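Encoded as structure tokens, the structure appears first; notes follow it.
The sequence lines fix the lettering, A, B, ..., with proteins before strands; numbering per chain opens at 1. Bear in mind that the values here come from a model prediction, so they are computed numbers and not experimental data. As a basis for the values below, the full set of heavy atoms in this structure was taken, side chains included, without hydrogen atoms, waters or symmetry mates.
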Amino acid sequence: MNRVLDDALIYEILSVVEEIPEGKVATYGQIARLIGRERNARLVGRVLSMAEFYGSYPCHRVVNHAGRLVPGWSEQKQLLEAEGVSMKNMDHVDIKSYQWHL
DNA sequence: CATGTGACTTCTT
DNA sequence: TAAGAAGCCACAT
């Protein structure tokens with residue numbers, strides 16, 4: 001099993017991800033900053049990779065700072081377009097216009 | 001134990 | 001604005 005990461009950290013991350021409104025996207029760094037771990041963006045990505053194991057979360061609304069989608073995840077593009085998020089190109093979303101702001 | 005890679009960011013040249 | 005370096009965490013070799 002996987003229990004390497006702190007359950008508290010996972011809860012915090014998933015809580016924030018769950019708060020992302022429909023039609024908006026957030027970056028790993030932004031999430032990391034919200035939970036007080038600005039430099040731990042990598043952990044956010046790792047947690048999201050196994051987020052489905054913990055439950056159903058809108059992890060498709062999370063992209064990197066450049067708006068690039070998750071490599072090797074073809075569904076993400078369709079999921080975002082279905083929410084009204086425009087694509088910059090094949091693998092990048094128009095994060096400049098759809099980034100989640102508090 | 002050392003190195004390198006990965007759903008990453010930010011600061012500095 | 002683009003490119004390089006540093007920072008940080010978990011995991012594979």
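Cluster annotation: A:Ile20 is connected to A:Trp73 through the hydrophobic network of ILVMFWY side chains, with a link wherever side-chain heavy atoms come within less than 4.5 Å.
Judged by distance alone, with hydrogens and angles left aside, the side-chain atoms of A:Glu83 form a donor-acceptor pair with the main-chain N or O of A:Gly23 at under 3.5 Å. Of the possible polar contacts, one joining the A:Arg37 side chain to the A:Ile35 backbone as a donor-acceptor pair under 3.5 Å is found.
In this structure, the CE atom of A:Met50 is 12 Å from the C1' atom of C:dC11, given to the nearest Å. When the C1' atom of C:dC9 is taken as reference, atom CD of A:Glu38 falls 15 Å away, rounded to whole Å. Atom CG of A:Asn40 is separated from atom P of C:dC8 by 9 Å (rounded to the nearest Å).
Within a 6.0 Å sphere centred on CD of A:Glu19, heavy atoms belonging to other residues, nucleotides or ligands number 12 at most.
In the hydrophobic clustering (ILVMFWY side chains linked at under 4.5 Å, chained through shared members), A:Tyr98 is joined by A:Val25, A:Val63, A:Leu69, A:Leu80, A:Val85, A:Met87, A:Val93, A:Ile95.
Across B:dT5 and C:dG7, the matching C1' atoms stand 16 Å from one another, rounded to whole Å. Nucleotides B:dG4 and C:dA6 place their P atoms 14 Å apart, quoted to the nearest Å. Separation of the C1' atoms belonging to B:dT10 and C:dT1 is 16 Å when rounded to the nearest angstrom.
Put simply, the residue from A:Gln78, A:Glu75, A:Lys77, A:Gln76 that forms a side-chain contact (heavy atoms from CB on, under 4.5 Å) with A:His60 is A:Gln76. Screening A:His65, A:Gln30, A:Lys24 against A:Gln99 for a side chain to side chain donor-acceptor pair (under 3.5 Å) leaves a single residue, A:Gln30.
Between A:Asn40 and A:Leu9 there is no side-chain heavy-atom pair separated by less than 4.5 Å.
Along DNA chain B, the stretch of nucleotides lying under 4.0 Å from any heavy atom of chain A spans, 5' to 3', B:dG6 to B:dT10.
Contact annotation for A:Arg33: backbone-only contact, meaning every heavy-atom pair under 4.0 Å involves sugar-phosphate atoms and none involves a base.
Scanning residues 65-77 of chain A for heavy-atom distances under 4.0 Å to DNA chain B yields A:His65, A:Arg68, A:Val70, A:Pro71, A:Trp73.
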